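Some notes on the structure that comes next.
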Protein chains: 2
Amino acid sequence: MKKVKESATEKIILEAARKVFIDKGYYGARMQEIADEAGINKALLHYYFRSKEKLFETVFLEAFVKVVPSVLVILNSDEPLFKKIEHFVNNYIDILTENPFIPGFILYELSQNTKRISSLIRGTGLNPQFFIAQIYKEIESGSIKNCDPRQLIIHMLALCIFPFVAQPILQAVFFKNSVEEYRQFLRERKAEVSKFIIASIRKQQEEEITFSNPIQ
Amino acid sequence: MKKVKESATEKIILEAARKVFIDKGYYGARMQEIADEAGINKALLHYYFRSKEKLFETVFLEAFVKVVPSVLVILNSDEPLFKKIEHFVNNYIDILTENPFIPGFILYELSQNTKRISSLIRGTGLNPQFFIAQIYKEIESGSIKNCDPRQLIIHMLALCIFPFVAQPILQAVFFKNSVEEYRQFLRERKAEVSKFIIASIRKQQEEEITFSNPIQ
DNA sequence: CAAATTTTTAACTATGTGGTTAATGACTGC
DNA sequence: GCAGTCATTAACCACATAGTTAAAAATTTG
């Protein structure tokens with residue numbers, strides 16, 4: 001019988017599985033390679049996790065929980081908007097720097113298995129309504145320009161996540177394939193992105209620029 | 001012997017291979033599935049393309065060429081910066097709307113097998129130097145704020161590409177899983193993104209805001 | 001039309017893969 | 001210290017998969 005508390009072996013397996021799955025994806029990963037990486041017999045993988053699919057499921061959920069909800073807390077806090085954007089961008093890029101392969105991993109597996117999305121969303125309480133309401137308030141109060149809050153949120157996500165998803169090609173094209181240069185770039189990017197966003201949405205006193213089509 | 005002009009069968013195979021590879025990725029794809037999809041015998045795949053890897057390379061390069069270089073032409077044109085940004089964003093989002101799964105495909109395969117794929121890409125002449133120089137000129141002339149041109153380019157790419165890479169989850173979270181609503185959102189996004197970028201980088205006459213750390 | 005060539009197929013092979021099993025080693029409680 | 005349970009292993013199995021082959025069908029060519 002399996003114990004509730006996870007054994008040391010179980011942790012070692014999960015660690016190895018995470019590495020291999022993130023590197024190779026579900027289909028590319030080999031149970032033997034995971035076992036080798038963990039330095040144990042392949043049968044143990046099945047002993048603890050029954051099947052490749054179950055093992056993957058566990059790894060995926062751990063990754064998802066690591067990256068998504070932590071950042072959601074910030075969006076639902078009651079900080080003022082500009083501070084919140086800075087806070088969000090800083091934290092998100094930090095978390096992703098520590099787990100640079102997780103966004104690509106999540107996006108790919110999610111595009112393969114769209115069914116899982118809805119259960120994940122339900123499980124982690126992904127709901128942008130509070131943040132959307134805050135953006136509306138700021139628009140009405142005149143501190144930011146008119147826009148569709150969903151567009152703004154997706155701008156924020158894109159600017160934070162994309163550099164990690166596209167790391168290989170960006171690193172090759174813009175940074176002579178130097179990992180160190182790319183890391184430096186990401187550090188600078190934290191400040192760069194918040195400034196970029198805030199400069200764009202902040203309303204100038206003298207003119208009222210309206211964005212097209214707020215929301216229906 | 002293989003003819004120079006590709007036969008009808010060859011086209012059918014490529015079409016089927018594209019579909020399966022994009023859906024399942026390199027490791028997930030099965031030669032038998034591609035053959036079934038094409039309605040032909042599996043041996044024909046090897047007859048025309050020798051191996052899975054060669055077939056994949058062909059498919060990948062076709063996809064890459066469809067999405068990347070066409071848009072590079074715009075960046076290397078001599079339009080003024082703001083017009084060029086609008087032009088770029090409009091064209092890119094259009095192209096991606098027609099090929100919504102290609103970005104994810106490219107990024108995924110690139111992250112799985114960076115070495116092999118980057119040698120494939122090298123032949124396609126990706127070079128942002130001209131556009132980078134243009135951005136510098138605009139900074140010097142005082143029409144846009146100071147910034148690292150690479151950051152700006154990656155902002156642009158992120159804002160265009162991310163909505164396609166993350167479509168499943170964004171659609172679920174923000175658009176009740178409605179494909180039509182998401183399409184509408186992408187249409188609006190074209191205008192939204194250029195405005196967002198230009199509003200952020202345009203320099204106001206009265207103040208000179210400097211971004212941190214231009215380039216070394 | 002018949003010979004030569006190209007295209008297509010069914011059957012096959014070698015290998016890699018996820019998963020199983022039965023035996024062994026390591027603990028744990030008494 | 002020993003019975004009983006849990007953890008670990010090597011050897012194995014069934015099956016799927018990329019790739020091959022040899023023969024048949026279709027097409028081209030003289």
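Predicted model, so just to flag it, every value in this text is computed and none were measured. So you know, we letter chains A, B, ... as the sequences are listed, proteins then strands, and number each from 1.
Ranking C/dG19, D/dA10, D/dT21 by closeness to the B/Ala43 side chain, first place goes to D/dT21. Distances were taken from every side-chain heavy atom of A/Tyr47 (C-beta onward) to each of C/dT20, D/dT8, D/dG19; the shortest belongs to D/dT8. Comparing atom distances between the B/His46 side chain and each of D/dT9, D/dA18, C/dG18 picks out D/dA18 as nearest.
Of the possible donor and acceptor atoms, one in the side chain of B/Lys52 sits under 3.5 Å from a partner among the backbone N and O of B/Ala29. Without hydrogens or angle criteria, A/Lys190 side chain to A/Ile93 main chain gives no donor-acceptor distance under 3.5 Å.
Geometrically, B/Arg116 engages B/Tyr26 in a cation-pi contact defined by less than 6.0 Å to the ring centre and at most 45° from the axis.
What separates CD of B/Glu53 from C1' of D/dT17 is a distance of 16 Å, to the nearest Å. Taking atom CD of A/Gln32 as the reference point, atom P of C/dT17 lies 9 Å away to the nearest angstrom. D/dT21 atom P lies 15 Å from atom CG of B/Asn41, rounded to whole Å. Computed from coordinates, the B/Tyr48 OH to D/dA18 P distance equals 20 Å when rounded to whole Å. A/Ile34 has its CD1 atom 18 Å from the P atom of C/dG16, to the nearest Å. Distance, B/Met31 CE to C/dT15 P: 19 Å, rounded to whole Å. One can place CG of A/Leu55 at 11 Å from P of C/dG18, the figure rounded to the nearest angstrom. Counting to the nearest Å, the P atom of C/dG18 and the CG atom of A/Leu44 are 16 Å from each other.
Across all strands shown, A/Ile40 has heavy atoms under 4.0 Å from sugar-phosphate atoms exclusively, and none from any base. Residue B/Ala29 is in sugar-phosphate contact alone, with no base atom involved, counting any heavy-atom pair closer than 4.0 Å across all strands shown.
A distance of 5.5 Å separates CD in B/Gln171 from CG in B/Asn177, rounded to the nearest 0.5 Å.
At the phosphate of C/dT17, neither OP1 nor OP2 sits under 4.0 Å from any side-chain N or O atom of A/Tyr27. Taking 4.0 angstrom as the limit, B/Thr9 places a side-chain polar atom (N or O) nearer than this to OP1 or OP2 of C/dT8. Dashed line: the shortest gap from a side-chain N or O of B/Arg30 to OP1 or OP2 of D/dA18 is under 4.0 Å.
On a pure distance criterion of 3.5 Å, no polar donor-acceptor pair joins the side chain of B/Lys52 and the base of D/dG19.
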Side chain to side chain contact (heavy atoms under 4.5 Å, CB included) between B/Phe88 and B/Cys160, intermediate numbers included: CA-CA 9 Å; B/Phe88 171 87; B/Cys160 291; 4.1 Å; yes
